Amino acid sequence: WMENALTVGKGAIQIIPRQAASVATIGAGVASLWGFTLNGNPVLISVNSNGSMSQITPGGVVTAVAGAGAVTTAARLSIWRGSPVLIVDPTTGYHSWDGAAFTTISAGQLHTSIATFAGRAWLGNARTITYTAPNTYNDLTAGNGAGSTILTDAAFPGNIETIVSAVEQLWILGQGAVEALSNVQSSGVAPNVVTTFTITNILTNLGTDAPSSVIGYFRALAFLAPFGVYALAGVTPQKLSDKLDGLFPDLTLTPDV
């Protein structure tokens, strides 16, 4: 029994500091917490239980981002270059926060996932991926190169759980498959810009139902499946959790990890 200690390799133990005092208190309660470097400064953005949002600095300064009902607890966040933070919500639409102003980009863009990749914002909902025009996060005009695509691949069962930009590709993960979007190109001039890309099925019969677990890990993509933790390097999945798998039946993994 090693309270406040963590084994690191053979015969080595690292003592872990005790929990420090709270940095800040969010009265509404935090539903999810996101870390970004916004305008050159590290901040946390909290999606709160009443649909409000807050910004917290490492020193504990809390700034109201949006009031109650601005989003739901299902909101997902990404960042465009160094600013702004991008927010999508399946009920209230597509928004941004630049550190000073909360802006609704489109109340009609209802999505459950978001990523920035190849100079665009990519928004996912069900089996549809919507993308902005080149070098923009808020231009959804088709003639400028924006558009959408629907996954028709039978090797991708169900809906998109999340999309993640890592290792020079946009990864599309469902509960039973992983696909990769790459080779994004645009041709023509407005109002006749055409965008092309390729979507490749990487894995079938392996995916995730925990969107927040998906991260870029060195030159691999790591994620939590219902039965273990995997890293995807190239097209070969590697299981990372063999020695922990006995714990999985006792874990409570809802609503998200």
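Treat the numbers as computed from the prediction; the structure is a model and nothing was measured.
Going from atom CD of E179 over to atom CG of L170 covers 11.0 Å, rounded to the nearest 0.5 Å. Atom CG in N125 sits 11.0 Å away from atom OG in S148 (nearest 0.5 Å). Taking CG of L86 as the start and CD1 of I114 as the end, the distance is 4.5 Å to the nearest 0.5 Å. Separating the CG atom in N4 from the CD1 atom in I16 is a distance of 7.0 Å, to the nearest 0.5 Å. The line from CD1 of I199 to CG of L181 is 4.5 Å long, rounded to the nearest 0.5 Å. Here CG of N39 is found 7.5 Å from CD1 of I79. Values are rounded to the nearest 0.5 Å.
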Could you walk me through whether N135 and R81 pass the side-chain contact (heavy atoms from CB on, under 4.5 Å) check? CA-CA 10 Å; N135 298 312; R81 298 172 182 170; 3.5 Å; yes

Evaluation steps, side-chain contact (heavy atoms from CB on, under 4.5 Å), between R76 and S212: CA-CA 9 Å; R76 310 292 296 179; S212 295; 3.3 Å; yes

One pair to check against side-chain hydrogen bond (donor to acceptor under 3.5 Å, both in side chains): T141 and D139. What are the steps and the verdict? CA-CA 6 Å; T141 306; D139 186 351; 3.0 Å; yes

V164 and L221: side-chain contact (heavy atoms from CB on, under 4.5 Å), yes or no, with the steps? CA-CA 9 Å; V164 175; L221 188 76; 4.3 Å; yes

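For the residue pair G59 and V23, the shortest heavy atom distance occurs at C-CG1, 4.1 Å. Across every non-hydrogen atom of L110 and P90, the tightest pair is CB-O, 3.5 Å. For the pair I87 and A75, the tightest heavy-atom approach, listed with the atom from each and the gap, is CG2-CB, 4.2 Å. When all heavy atoms of P237 and L206 are compared, the pair lying nearest together is CB-CD2, 3.8 Å. The nearest pair of heavy atoms linking I15 to A5 is CD1-CB, 4.0 Å. In terms of heavy-atom proximity, G145 sits nearest to P134 at CA-CD, 4.1 Å.
A donor-acceptor distance shorter than 3.5 angstrom exists from the side chain of R127 to the backbone of L151, with no hydrogens or angles considered. Using a distance-only test at 3.5 Å, with no hydrogens or angles considered, no donor-acceptor pair links the side chain of N201 to the main chain of F156. Formation of a donor-acceptor pair under 3.5 Å by the T57 side chain with backbone atoms of V61 is found in this model. Although no hydrogens or angles enter the test, the distance criterion places a donor-acceptor pair under 3.5 Å between the side chain of S241 and the main chain of V229. Side-chain atoms of T136 come within 3.5 Å of backbone atoms of A133 as a donor-acceptor pair (strictly under, hydrogens ignored).
Remark: F102 CZ is packed, more than 12 non-hydrogen atoms of other residues, nucleotides or ligands lying under 6.0 Å away.
In the hydrophobic cluster analysis, where Ile, Leu, Val, Met, Phe, Trp and Tyr join through side-chain heavy atoms closer than 4.5 angstrom, F117 is grouped apart from L123. Neither V47 nor I105 shares a network with the other; the hydrophobic side chains, linked directly or stepwise wherever heavy atoms of I, L, V, M, F, W or Y lie under 4.5 Å apart, form separate groups for each. Cluster membership for Y94 and W80, using ILVMFWY side-chain heavy atoms within less than 4.5 angstrom, is shared. Both V184 and I160 belong to a common hydrophobic cluster when Ile, Leu, Val, Met, Phe, Trp and Tyr are linked at side-chain heavy-atom distances under 4.5 angstrom. If you chain together hydrophobic residues whose side chains sit under 4.5 Å apart, L38 and L77 fall into the same group.
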May I have the list of side-chain donor-acceptor pairs in residues 27-35 shorter than 3.5 Å, sequence neighbours left out?
residue	atom	partner	partner atom	Å
S32	OG	W34	NE1	2.9

Please table the atom pairs, donor to acceptor, closer than 3.5 Å between any side-chain atom in residues 65-74 and protein atoms at least two apart or in another chain.
residue	atom	partner	partner atom	Å
T72	OG1	A74	N	3.2
T72	OG1	D89	OD1	3.4
T72	OG1	D89	OD2	2.7

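A donor-acceptor contact closer than 3.5 angstrom links the side chains of N48 and S46. A donor and an acceptor atom, one from each side chain of S83 and D98, are nowhere located under 3.5 Å apart.
The side-chain heavy atoms of I56 and I26, taken from C-beta on, include a pair separated by under 4.5 Å. Looking at F223 and S213, their side chains come closer than 4.5 Å, going by heavy atoms from C-beta outward. No side-chain heavy atom of L6 sits less than 4.5 Å from a side-chain heavy atom of I13.
For residues 177-200, the ring pair (Phe, Tyr, Trp, His ring centres under 6.0 Å) pairs, not counting sequence neighbours, are W122-F197, Y131-F197. Listed by first and then second residue, the side-chain hydrogen bond (donor to acceptor under 3.5 Å, both in side chains) pairs that reach into residues 154-171 are E161-Q175, sequence neighbours excluded. Here side-chain hydrogen bond (donor to acceptor under 3.5 Å, both in side chains) pairs that include residues 111-121, with residues two or more places apart or in two chains, are Q109-H111, R120-S186, R120-T195.
N183 meets the side-chain contact (heavy atoms from CB on, under 4.5 Å) test with Q185, T198; sequence neighbours excluded.
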